[in-house]
Amino acid sequence: MQKLRKNWVSILFISLIMSNVQVFAEIKLGINSVRGELQTIKRWEALRNYFSEQLGQPVKIIVLMPGKLVETALKEEIDFVLTMPLAVVILMEKGHYIPLATLNTLNGTQFGGVIVSKKGSGITKSEDLKGKKVISMEHGKGAGGYLFQVYHLYTKGINPEQDFSAFKEGKNQDDLVMGVKLGLFDAAFVRTGILESLEKAGKIKIEDFEIVDQQKTDGFPLLRTTILYPEFGLLAKPHLDPKLVEEMKRAALKLTPEHPAAQQSDIKGFVEPISYEPVKTLLQTLKIVPFN
């Protein structure tokens, strides 16, 4: 009887240890990098801390670079992903990731792409880009820094690969704008908000630039060329503990604009997932992975 009691004590002790390990297991949160690795960590550190507190488990940020975002997310078994809409669709299609929420930025829950040229260049409409030297983010990968603009031009009957005199790739959207400012390129593709951010930092004056095919929408304050698409999505890897998934969703949706984590991340919080069908249509039309 004493031996049996000891065995039960040992089993209970081991169970407690295993339970403790599970509770304090590190959660991997992959975050899409827009302006470089260091900038990504700096911006989202407060949100990481917020999720750690809400979930009662340490959360680690895994920076996902645009060119290898999906590959890294699937390969490294990342638990949750905060990423651009293109990757949202691809991860849902290829990895069966589950949408939990859509990011609500200071400018709302949607964003778009900008085609920017230098003031006085005469480049104000899509057709003006023919024969010009243009730069974008990595071809086939970026949303607001590449594909939104390519799809916009496709609807205008323009093929960047054939109609531009040169179509280069860059690695940082800030640098793309500066390249236009310095006259290295005739035009650049960047996501909405980049120009306003650079002007706020004192690096440019927006009045020195033109916005190709400029569009305006009531309630959306940023300069843009393309239609609007859903903002970044927060996704959960399939087969995670349902309780953990629900806790993450609850934590995201309860984040208020007044919370320090939201303010330090320059966001208002999150909303229920918005439909990513417009993004899916774009990928299907251009025959891009996973619809190629």
Side-chain angles (χ1 to χ4, degrees), residues 22-66 69 72-73 76-88 91 97-111 143-144 173-174 191-194 196-198 200-201 219-222 228-237 240-274 276:
Q22 185 176 11
V23 170
F24 292 97
E26 186 175 70
I27 296 171
K28 292 182 179 180
L29 172 62
I31 299 184
N32 191 162
S33 173
V34 174
R35 301 176 71 181
E37 185 171 356
L38 294 178
Q39 194 77 1
T40 300
I41 294 174
K42 180 181 178 181
R43 178 181 181 185
W44 299 107
E45 183 66 17
L47 184 66
R48 180 198 72 81
N49 294 336
Y50 168 78
F51 282 142
S52 293
E53 293 170 3
Q54 292 294 314
L55 301 177
Q57 301 182 56
V59 174
K60 178 182 179 181
I61 291 178
I62 306 296
V63 178
L64 302 175
M65 302 308 290
L69 194 154
T72 303
E76 295 198 12
E77 293 294 312
I78 293 174
D79 302 304
F80 298 97
V81 178
L82 179 60
T83 186
M84 62 179 180
L86 298 179
V88 168
L91 287 172
Y97 274 66
I98 304 164
L100 303 183
T102 295
L103 187 66
N104 187 11
T105 73
L106 298 181
N107 298 300
T109 58
Q110 296 178 297
F111 77 114
Q173 297 196 48
D174 292 11
R191 68 164 279 159
T192 49
I194 294 295
E196 289 84 354
S197 176
L198 287 171
K200 185 177 180 180
F220 188 80
L222 303 177
L228 294 172
Y229 296 88
E231 261 290 355
F232 276 35
L234 178 64
L235 308 174
K237 182 181 72 174
L240 279 181
D241 181 351
K243 183 179 178 182
L244 176 61
V245 173
E246 183 58 34
E247 288 176 350
M248 174 59 99
K249 177 167 183 169
R250 188 183 303 115
L253 294 179
K254 71 182 282 191
L255 180 63
T256 64
E258 296 75 28
H259 195 285
Q263 294 182 350
Q264 291 176 42
S265 301
D266 288 330
I267 62 174
K268 293 180 181 178
F270 294 84
V271 299
E272 288 284 349
I274 294 176
Y276 287 86

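All figures in this text were calculated on a predicted structure; none of them were measured in a lab.
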A73 to L91 - nearest heavy-atom pair and separation: CB-CD2, 4.1 Å
Heavy-atom closest contact (P99 atom, P273 atom, distance): O-CG, 3.8 Å
Test log, rule side-chain contact (heavy atoms from CB on, under 4.5 Å), inputs L100 and V245: CA-CA 8 Å; L100 303 183; V245 173; 3.6 Å; yes
Side-chain heavy-atom pair L106, I267 within 4.5 angstrom cut-off: no
Flag for Y50-S265: side-chain donor and acceptor within less than 3.5 Å: no
From R43, R48, K42, residue fulfilling salt bridge (Lys or Arg N to Asp or Glu O under 4.0 Å) relative to E45: R48
Side chain proximity check, V63 to I31, heavy atoms < 4.5 angstrom: no
Within-4.5 Å side-chain heavy-atom neighbours: P85 and F111: yes
From L47 atom CG to Q54 atom CD, the distance as rounded to the nearest 0.5 Å: 10.5 Å
Partner of F80 under side chain to side chain contact (heavy atoms under 4.5 Å, CB included), chosen from I62, I98, I27, L235: I27
Beyond-backbone contact of V88 with Y97, side-chain heavy atoms, under 4.5 angstrom: no
L64 vs I78 side-chain heavy atoms within contact, under 4.5 Å: yes
Under 3.5 Å: donor-acceptor pair, side chain of E231, backbone of T105: no
Heavy-atom donor-acceptor pair, T109 side chain to N104 backbone, under 3.5 Å: no
Derivation of the side-chain contact (heavy atoms from CB on, under 4.5 Å) call for L29 and D79: CA-CA 6 Å; L29 172 62; D79 302 304; over 6 Å; no
Nearest-0.5 Å distance that lies between atom CG in L222 and atom OG1 in T192: 5.5 Å
Straight-line distance of Q57 CD to E26 CD, nearest 0.5 Å: 10.5 Å
Atom pair CG/CD of L240 and E247 - distance to nearest 0.5 Å: 12.0 Å
Residue pair F270 / A252: nearest heavy atoms and the distance that separates them: CD1-O, 3.5 Å
Side-chain heavy-atom pair E77, K28 within 4.5 angstrom cut-off: no
Gap between atom CD of Q263 and atom NZ of K268 - 0.5 Å precision: 12.5 Å
Considering all heavy atoms, the nearest P257-A262 contact: O-CB, 4.0 Å
Validation row: N107, E196 side chains within 4.5 angstrom (heavy atoms): no
CD on Q110 to CZ on F220, rounded to 0.5 Å: 8.0 Å
Set of side-chain hydrogen bond (donor to acceptor under 3.5 Å, both in side chains) partners for K60, sequence neighbours left out: none
Shortest non-hydrogen separation from A261 to A46 and the atoms involved: CB-O, 3.6 Å
Any N32 side-chain heavy atom under 4.5 Å of L82 side chain: no
Chi angles and distances behind the side-chain contact (heavy atoms from CB on, under 4.5 Å) call for E272, K249: CA-CA 9 Å; E272 288 284 349; K249 177 167 183 169; 3.1 Å; yes
Minimum heavy-atom distance L103-G269, with the two atoms named: CD1-O, 3.7 Å
